[in-house]
Amino acid sequence: MRATRLLLAALFCLAPLGRAAAQAAPDTRPGIAVFPFTNGGSYGPNHQDLTPLEVGMQQMLLTELAQNNALRIVERSSLKALLDEQNLVEAGRVDPSTAAKIGKLVGARYVVTGSFVDLYGNFRLDGRVVDVQTGEVLRTAQVQAKDDKMYDLIVQLSGKITDGLDLPPLDPAVRQARAERQIPPEAITLYSRAQVYQDGGQKERAIELYRRIAHDFPQMTEAREALQQLTQS
């Protein structure tokens, strides 16, 4: 009986160590980082400044990729800090070799670079996946549609990227739920501007826009999540 009590006591003492070891276990999922998109331009009668979409598309693609639990997402803020430090924020300054080097510094296995163009209401997204270890472009993908399908294009591009990496596919139910969301271009544009304000330290202006998006476009949960994080920080 005494031996049993001693054994139980020993197991009780070891339990926290076991939990600590489990918590310290490294995340072996392949990490993926997404660079700011390059603005290829906007042409047509409804021309508008699409520059905020450079970070808006970046963050929204990260959000879609994060739906796949087989991936470890490198937060945009971590990548931004390094890009700012290396003075590589300007569009067109990141080639595959440079992207691979930066990706390695943030612990990514893959990096995604991309661009967008709005040509008289026809919106196109281009993306390419770079292997951080070799600097090789593993996958290129292009999707296009009318600009009112902007969010659908982000979902499609996310799927093409992960399919090209031979990763476990996104759960069909999750994929369907994402595809069924009704996110108009106005919501994406406002969200992109809010991201720019947030990056620039204009916290109150970012909060104002996130609140507006959360109210006017309730299906865009990204705005509510960003608002919650910002108001709690």
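Values below: all heavy atoms of this structure, side chains included; hydrogens, waters and symmetry mates excluded.
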Candidates Q58, E54, R76 - the one meeting side chain to side chain donor-acceptor pair (under 3.5 Å) with Q195
R76

Member of L209, I207, I213 meeting the side chain to side chain contact (heavy atoms under 4.5 Å, CB included) criterion with R211
I207

Does any part of the side chain of N39, heavy atoms only, come nearer than 4.5 Å to the side chain of L53, both counted from C-beta?
no

Are side-chain heavy atoms of L65 and I32 found at a separation under 4.5 Å?
yes

Considering non-hydrogen atoms only, spot the tightest contact between A99 and T113 and give its length.
CB-CG2, 4.2 Å

Hey, what do you get for OG (S97) to CD1 (I102), rounding to the nearest 0.5 Å?
10.0 Å

Is there a side-chain contact between R124 and D126 (heavy atoms, below 4.5 Å)?
yes

Is D148 salt-bridged to K146, cutoff N-O under 4.0 Å?
no

Same cluster or not: are V74 and V55 linked, directly or through other Ile, Leu, Val, Met, Phe, Trp or Tyr residues, by side-chain heavy atoms under 4.5 angstrom apart?
no

Ignoring hydrogens, what is the shortest heavy-atom contact between A214 and A223? Give both atom names and the distance.
N-CB, 4.2 Å

T162 vs L165 side-chain heavy atoms within contact, under 4.5 Å
no

Would you compute the distance between atom CD of E186 and atom CZ of F217 and round it to the nearest 0.5 angstrom?
4.0 Å

Using the rule side chain to side chain contact (heavy atoms under 4.5 Å, CB included), only one of K149, R178, M57 pairs with I154; which is it?
M57

For the CD atom on Q202, are there more than 12 heavy atoms of other groups (residues, nucleotides or ligands in this structure) within a distance under 6.0 Å?
yes

List the steps and the verdict of salt bridge (Lys or Arg N to Asp or Glu O under 4.0 Å) for D131 and R109.
CA-CA 7 Å; D131 186 324; R109 176 67 178 81; 2.7 Å; yes

Atom pair CD1/CG of I161 and L167 - distance to nearest 0.5 Å:
11.0 Å

Give a yes or no on this: more than 12 heavy atoms of other residues, nucleotides or ligands lie within 6.0 Å of atom NZ of K101.
no

For G121 and D118, which heavy atoms make the closest approach, and how far apart are they?
N-OD1, 3.1 Å

Indicate if V129 and L170 have the same hydrophobic cluster label, given that clusters are the connected sets of ILVMFWY residues with side-chain heavy-atom separations under 4.5 angstrom.
no

Mind checking the CZ-CD1 spacing from F123 to I188? Nearest 0.5 Å is all I need.
8.0 Å

Donor-acceptor pair, R181 side chain versus Q219 backbone, under 3.5 Å?
yes

Check whether any side-chain heavy atom of L125 lies under 4.5 Å from a side-chain heavy atom of L61, and answer yes or no.
no

Stepwise side chain to side chain donor-acceptor pair (under 3.5 Å) check, Y191 with Q59
CA-CA 10 Å; Y191 178 76; Q59 181 58 53; 4.5 Å; no

Is there side-chain contact between L79 and F35, with at least one heavy-atom pair below 4.5 Å?
yes

Closest approach of P52 and S192, non-hydrogen atoms and distance?
O-CB, 3.3 Å

From Y151 OH over to M220 CE, what is the distance, rounded to the nearest 0.5 angstrom?
8.5 Å

Under 3.5 Å, is there a donor-acceptor pair between the Q198 and Y210 side chains?
yes

Specify the closest pair of heavy atoms between A100 and V130, including all atoms of both residues, with the distance to one decimal.
CB-CG1, 4.2 Å

Would you mind telling me which of L62, V34, T63 makes a side chain to side chain contact (heavy atoms under 4.5 Å, CB included) with I73?
L62

Should L138 and L157 be counted in the same cluster of Ile, Leu, Val, Met, Phe, Trp and Tyr side chains packed under 4.5 Å apart?
yes

Test of understanding: clusters of I, L, V, M, F, W, Y form through side-chain heavy atoms closer than 4.5 Å, transitively. Do V196 and L83 belong to the same one?
no

Evaluate side chain to side chain donor-acceptor pair (under 3.5 Å) for R128 paired with T140, printing each intermediate quantity in order.
CA-CA 4 Å; R128 58 182 178 181; T140 60; over 6 Å; no

With hydrophobic residues grouped by side-chain heavy-atom distances under 4.5 Å, do V155 and V174 end up in a single group?
no

Do the side chain of R175 and the main chain of P169 share a donor and acceptor less than 3.5 angstrom apart?
no

Atom CZ of R212 with >12 non-hydrogen neighbours under 6.0 angstrom
no

Minimum heavy-atom separation for A70 to P30, with atom names?
O-CD, 3.4 Å

Could you measure the distance from the CD atom of Q176 to the CG atom of D171? Nearest 0.5 Å is fine.
11.0 Å

